[in-house]
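Counting starts at 1 for both ligands and their atoms, in listed order. Only this structure's heavy atoms are used, side chains among them; waters, hydrogens and symmetry mates stay out.
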Amino acid sequence: IPVEPFDLVIFGGTGDLARRKILPGLYRRLADGQMPPEARIIGAARSDLDDDGFRELVREALYEYQREEDLDSEQVETFLGLLFYVTVDAKGDAGWEDLKKLMNPDRVHAFYFSVAPSLFGPIAERLKDRGIADDEARIVVEKPFGHDLESAKALNASLAQHFNEKQIYRIDHYLGKETVQNLMAVRFGNMLFEPLWNSQYVDHIQITVAETVGVGGRGEYYDRSGAMRDMVQNHLLQLLCLIAMEPPSRYDPDAVRDEKLKVIRALDTVRPDDLVRGQYLAGPSGPSYLEDVGNPNSLTECFIAMRLAVSNWRWAGTPFYLRTGKRLKARTSEIAIVFKDAPHSIFDVPQGRHSNVLSIRLQPNEGMEMSVTIKEPGPGGMRLIDVPLDMSFAEALGEQASDIPDAYERLIMDVIRGNQTLFMRGDEVEAAWAWTDPVIADWESRGHVPSPYDQGSSGPDDALMLLHRDGRRWRDIR
Ligand code: NAD
């Protein structure tokens, strides 16, 4: 179903994120018929370009970052025809009048801030003071949303001076993944899972976001941030919230976000014993973390694992284990709900542990898998084995699956439709920082030194111990 005609201004339209994700995503929405042909996309950035120059830059980006089978030369031309460009100075006067003249009245206006956070305030101020954005306009802001609670509050305050919360879309692309929304469909659309979704039946939960890449060219930036700020405070906590939250009364932005907020507020602080931080050593894929960031004394972590407690009635006693890191064994994001063992075995052969696991894969191959215990086929008596009941979206949905939009394109269409459900609310972001800050302050005050780990491994050995000592095991990173 096409969305209504819109003007989308992308501040930072010539930048890396716009070229890799935002513009190719918009192209796919046009090719798919969701973006109306009257829509317009206006690149606004510092480079001195005209419309044609911008179209050329976007054409190159499409051919570089778009899957070949999705490219159709006629559709590419139609898409490029919807593009315009203005040179603006986010902190000065240049370009703002031109932008104002370009905007079509009487349609949805969205402004995507794909620029450094230090420009959020100045852009918001100019959009409002110069009468470019009205009270219906929407703004989309990228991560990182703050470096700590104080800076996140300052960012929220600078946006709130000019826009109300209903206009602000804080993007976390993890929430735009098909499987993440399916997590809610599975929990709240079936009778099967929700009755078991609590500490009485769930032994523990694992959330893993593993990357094979190192810090790459972002070394200097990354070293000031680290895995806790870059991944846990936003993406992993958001996933945790969707698993742990109470059923909202409706699938409605505030109903869902109220429940997520309660989860963040129920998180206990992490005890030092429940936390492992690491840095990769030099190896086959490249130099060590310390060399990559050019700081031999860095104490920043590019791997982190922790055991978390959600202190409420539903989850008391069920730990959540989170881990994320770079240069690990495989690129994978997975949530695993590990159920308790059956309370009593009626079979007289020793059987070991057999717990059902619901695993939700965000990448690669989005899908879900439920392991169930069955009898091993053959004459060997009643021996139990675990087999997967697998639901790969690609297989189950056939052609429909290849049309699953990428997170960015889905989220941008949600902005145009005015649906904030999959975007973080200001108080959620602040609550997440309020939980993160003391944990970081604690390890900094202790001068904690990250443990080294091999490239291509599952992280430092201490991370394995985090589960071993509880009589559990991490799932394989694959
Ligand atoms: P980039 O450096 O590639 O691009 C920055 C853009 O901002 C350029 O278009 C530049 O012209 C514009 N710009 C800079 N100063 C300006 C000014 N004074 N006035 C007007 N325009 C100005 O950055 P990027 O990688 O595209 O990232 C943009 C934002 O998105 C950052 O906040 C970044 O943290 C965030 N982000 C990026 C990625 C990614 O994969 N690149 C992922 C997540 C979040």
Side-chain angles (χ1 to χ4, degrees), residues 8-26 41-50 53-58 60-61 64-65 83-99 111-127 130 132 139-147 151-152 154-155 158-159 168-177 209 211 213-227 229-236 238 324 326 331 333 363 406-409 411-412 423-424 429:
L8 169 68
V9 179
I10 309 175
F11 291 103
T14 58
D16 175 67
L17 183 67
R19 284 182 291 116
R20 263 185 329 110
K21 291 284 181 188
I22 306 173
L23 289 154
L26 286 163
I41 298 158
I42 301 164
R46 211 164 27 177
S47 319
D48 192 13
L49 289 176
D50 57 11
F54 183 55
R55 288 172 185 151
E56 267 324 296
L57 179 137
V58 176
E60 279 169 28
E64 187 168 352
Y65 298 116
L83 302 181
F84 299 86
Y85 185 82
V86 277
T87 306
V88 289
D89 178 3
K91 289 182 160 173
D93 289 324
W96 294 95
E97 273 310 306
D98 299 336
L99 178 61
F111 300 91
Y112 199 126
F113 293 15
S114 181
V115 291
S118 58
L119 300 180
F120 292 178
I123 293 177
E125 181 188 326
R126 283 164 179 74
L127 284 176
R130 289 160 197 251
I132 303 170
I139 61 170
V140 185
V141 292
E142 261 302 333
K143 83 168 211 187
F145 200 85
H147 183 76
S151 54
L155 269 183
S158 73
L159 296 178
I168 304 172
Y169 291 72
R170 293 175 196 78
I171 229 165
D172 184 323
H173 66 275
Y174 274 64
L175 296 183
K177 300 239 179 223
V209 176
E211 297 179 285
V213 293
V215 292
R218 297 165 71 215
E220 209 178 308
Y221 160 79
Y222 189 91
D223 201 41
R224 275 182 270 121
S225 160
R229 289 190 169 95
D230 194 49
M231 297 296 291
V232 177
Q233 183 274 341
N234 40 40
H235 308 315
L236 276 82
Q238 287 294 318
T324 180
K326 295 192 179 288
R331 174 171 178 258
S333 302
Q363 68 187 17
D406 170 73
Y408 272 96
E409 50 195 282
L411 292 172
I412 297 172
F423 295 82
M424 293 179 293
V429 177

Just which atoms of ligand 1 are under 4.0 Å from any heavy atom in Pro144? 34 (O)
At less than 4.0 angstrom from any non-hydrogen atom of Ala45, what atoms of ligand 1 do you find? 9 (O), 11 (O), 21 (N)
Nearest non-hydrogen contact with atom 30 (O) of ligand 1 belongs to which option: Ile171, Val86, Leu17? Leu17
Can you check whether a protein heavy atom sits less than 4.0 angstrom from atom 2 (O) of ligand 1? no
Which atoms form the tightest heavy-atom contact between Arg229 and Asn234, and what is the distance? O-ND2, 3.6 Å
Shortest protein contact, atom 40 (O) of ligand 1 (heavy atom only): Arg20 NH2, 2.5 Å
Minimum heavy-atom separation for Ala44 and Val9, please, with both atom names. CB-CG1, 4.0 Å
Heavy atom of the protein closest to atom 4 (O) of ligand 1 (residue, atom name, distance): Gly15 CA, 3.3 Å
What part of Ala116 sits under 4.0 Å from ligand 1 if we count only heavy atoms: the side chain, the backbone, both or neither? backbone
Is there a nitrogen or oxygen of Pro117 sitting under 3.5 Å from a nitrogen or oxygen of ligand 1? no
Give a yes/no verdict on a cation-pi contact between Arg170 and Phe423, requiring under 6.0 Å between NZ or CZ and the six-membered ring centre and an angle within 45° of the axis. no
Heavy atoms only: which of Ile22, Asp16, Asp89 lies closest to atom 41 (N) of ligand 1? Asp16
Check each atom of ligand 1 against the heavy atoms of Ser114 and keep those under 4.0 Å away; list them by number with element. 28 (C), 29 (C)
Residue pair His173 / Lys21, side-chain donor-acceptor N/O under 3.5 Å: no
Here the pair of heavy atoms bringing Lys177 nearest to Ala407 is N-CB, 4.0 Å
Salt bridge check, Asp230 against Lys143: does any charged N sit closer than 4.0 Å to a carboxylate O? yes
Interfacing atoms of ligand 1 (cut-off 4.0 Å, heavy-atom, Val88): 19 (N), 20 (C)
Using the ring of each side chain (for Trp, its six-membered ring), is Phe111 parallel, tilted or perpendicular to Phe11, with breaks at 30° and 60°? parallel
Under 4.0 Å between a side-chain nitrogen and a carboxylate oxygen: does that hold for Asp93 and Arg130? yes
Closest to atom 31 (C) of ligand 1 among Thr87, Val115, Thr14 (heavy-atom distance): Val115
For atom 12 (C) of ligand 1, what's the nearest protein heavy-atom neighbour? Residue, atom name and distance, please. Gly12 CA, 3.9 Å
Best match, Lys143, Arg46, Glu142, Lys21: closest heavy atom to atom 14 (C) of ligand 1: Arg46
Would one find an N or O of Leu119, backbone or side chain, under 3.5 Å from an N or O of ligand 1? no
As an exercise, identify every atom of ligand 1 less than 4.0 angstrom from a heavy atom of Ala90. 17 (C), 18 (N), 19 (N), 20 (C)
Give me the atom names and distance for the closest heavy-atom approach of Ile10 to Ser114. CG2-CB, 4.3 Å
I'd like to know if Lys326 pairs up with Glu211 as an ion pair, taking the criterion as any Lys NZ or Arg NE/NH1/NH2 lying under 4.0 Å from an Asp or Glu carboxylate oxygen. yes
